[in-house]
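Following: one structure in structure tokens, then a few remarks.
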Protein chains: 2
Amino acid sequence: MTEPLTQNIQDYLKAIYGLTSDGGKASTTALAARLGIAAPSVTGMLQKLAALRPPLVVYQKHRGAHLTPEGERAALEVLRHHRLLEAWLVESLGYSWDAVHEEACKLEHVISEEFERRIAAALGHPVRDPHGAPIPSAELVMPPTNDVPLGSLHGGERAVVRRVDCEDAPLLQRLKSLGLAPGAELNVLEVSPFDSGLTVQVTGQKPVVIDPATSSHIFVETVETMEA
Amino acid sequence: MTEPLTQNIQDYLKAIYGLTSDGGKASTTALAARLGIAAPSVTGMLQKLAALRPPLVVYQKHRGAHLTPEGERAALEVLRHHRLLEAWLVESLGYSWDAVHEEACKLEHVISEEFERRIAAALGHPVRDPHGAPIPSAELVMPPTNDVPLGSLHGGERAVVRRVDCEDAPLLQRLKSLGLAPGAELNVLEVSPFDSGLTVQVTGQKPVVIDPATSSHIFVETVETMEA
DNA sequence: AGAATAATTTAGGTTAACCTAAATTATTGT
DNA sequence: ACAATAATTTAGGTTAACCTAAATTATTCT
Ligand SMILES: [Mn+2]
Ligand SMILES: [Mn+2]
Ligand SMILES: [Mn+2]
Ligand SMILES: [Mn+2]
């Protein structure tokens, strides 16, 4: 290992990882918005990360940045910490799922590898965090998933909620009250051709209408209907 | 509340608290040694802490510093975090008592008040950490103790170990293997008039000789002998 | 293509903590 | 009392991250 990365750098790498999951580049502006930092500061940091030896990002002026293998490893390390911590705050300390993000965001930079090992073992080496996000393995491999956006379903399809990709506490509370949490089964009753709004029925609940802004945070796995 | 204190300032306050427990002042040099920081840097920080509004320390050139009530409250807050965390790492994650200090030292600055409340409740609101150090209450009052240094006992006295004031992992391991941990009962067999070395017998163990450098870390509560 | 707009970078400056070397002030021993 | 020694402070400088305002470069629209 090289020198330990600062907390700030870890946050940058995590953000770049998140913004490049589609295979593209993370732009200066997108990073600035996500991190709440002024764009010029981001430029400076990207230049620095690209100049490190070994470099953590590949960066080209005006074209944004993406992670090098080293940068990705560092990002996955932090992400593993974050998601294990979230799982463990919920399972072991009784936090609600809308309250864990902030706490995990601070702890993730500070825990030791021993701490990581112990909570992973205590939880039985979970593969998903409380929001359904996949947890990178101890070897820093991100487990593959079959999750698709809820908004991609058609009327009549059945699915199981796998992931709610959201850090906003009020929205998480609302979704939980609607039963829209990982593991919930649902039926898509109707898709509005105008605004793509979805009418869905979670098993055992009343049907609800979900606007596209909300459904974009929800990922599901479709279920084969048993009867022909 | 005012602005949150930086991690560094919290460490300074904790160190000043530790160095002034005898009612005296913490000298620049002693702080520098304890924190591993150059003396000029400490001077600068003390000046800054004394200039804060409200001031966290009272500082006079060449005379060292001590905490103001605000400074003491901040120190006790961090100390409560530290000791609760140590207790909780041992009880809940199975850490050994010689491995918790480092981890707690990083986490203490980062956990929320909610985290503090939850681990305190999970542990049943403990009053001592795994080394026997008293844990400040949620209201930030340090519980009083009757602990006296092991070295202050005379031949023939009985006592119960209450506290091992030490962060050195190898020494902690050695003491544990000798049975010298909080709760252990012991008998002082002999005190050397030359070097103040103690021969003690922990109940159920073979007698051992403890040099003054070691015994200075051990605090006990004397036990009245039941038989006349 | 060329002007308007938007994104990005450069320039210059701030804050928190730290450092070393030199100057100053206390303390101590005779 | 006063020189030698030890402790402390001042002076000047570094690094990591940030910021705003101005300058530059891309992109988009007619
Ligand atoms: Mn999260
Ligand atoms: Mn790790
Ligand atoms: Mn400790
Ligand atoms: Mn607290």
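Order of the sequence lines fixes the chain letters, A, B, ..., with proteins taken first and strands second; residue numbering starts at 1 for each chain.
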A:N8 side-chain N/O to D:dC18 phosphate OP1/OP2 under 4.0 Å
yes

How many Å lie between OH on A:Y12 and P on D:dA16, as a whole number?
14 Å

From CD of B:Q7 over to C1' of C:dC18, roughly how many Å is that when rounded to an integer?
15 Å

Considering only side-chain heavy atoms of B:T6, which listed nucleotide, C:dA17, C:dT9, D:dT9, is closest?
C:dA17

Look only at the side chain of B:S196 and the backbone of B:P212, and say whether a donor-acceptor pair between them is shorter than 3.5 Å.
no

For DNA chain C, determine which residues of residues 18-28 of chain A have any heavy atom closer than 4.0 angstrom to one of its atoms, and list them numerically.
A:S27, A:T28

Could you tell me whether A:R118 and A:E114 have a side-chain N and a carboxylate O separated by less than 4.0 Å?
yes

Which is it for B:V100 and B:D129 under the side-chain contact (heavy atoms from CB on, under 4.5 Å) test, yes or no, and what are the steps along the way?
CA-CA 11 Å; B:V100 289; B:D129 82 6; over 6 Å; no

Return yes when atom CD of B:Q173 has more than 12 non-hydrogen atoms of other residues, nucleotides or ligands closer than 6.0 Å, and no otherwise.
yes

Short N/O separations, protein against nucleotides 26-29 of chain D, under 3.5 angstrom:
none

Quick one: B:I37 CD1 to C:dT20 P, roughly how many Å, whole number?
12 Å

Using side-chain hydrogen bond (donor to acceptor under 3.5 Å, both in side chains) as the criterion, list what pairs up with B:E221, not counting sequence neighbours.
B:R162

Residues pairing under side-chain hydrogen bond (donor to acceptor under 3.5 Å, both in side chains) where one sits in residues 42-51 of chain A, two or more places apart or in two chains, turn out to be none

My understanding is that only one of B:E86, B:E113, B:E108 makes a side chain to side chain donor-acceptor pair (under 3.5 Å) with B:H81; could you say which?
B:E113

The correct set of residues in residues 39-49 of chain A placing a heavy atom under 4.0 Å from DNA chain D is A:P40, A:S41, A:M45, A:K48

Atom-to-atom span, CD of A:Q10 to P of D:dA17 - whole angstrom
11 Å

Specify whether A:Y95 and B:F115 have parallel, tilted or perpendicular ring planes, treating 30° as the upper limit for parallel and 60° as the lower limit for perpendicular.
tilted

Would you name the heavy atoms of A:P126 and A:I135 that are closest together and state the gap between them?
O-CD1, 3.9 Å

So what's D:dA21 paired with, Watson-Crick or G-U wobble, going by both distances under 3.5 Å?
C:dT10

Partners of B:H109 by side-chain hydrogen bond (donor to acceptor under 3.5 Å, both in side chains), sequence neighbours excluded?
B:Q10, B:D11

Side chains of A:S96 and A:D98: any donor to acceptor distance under 3.5 Å?
yes

Please state how far atom CG in B:L31 lies from atom P in D:dT9, giving the value in whole angstrom units.
11 Å

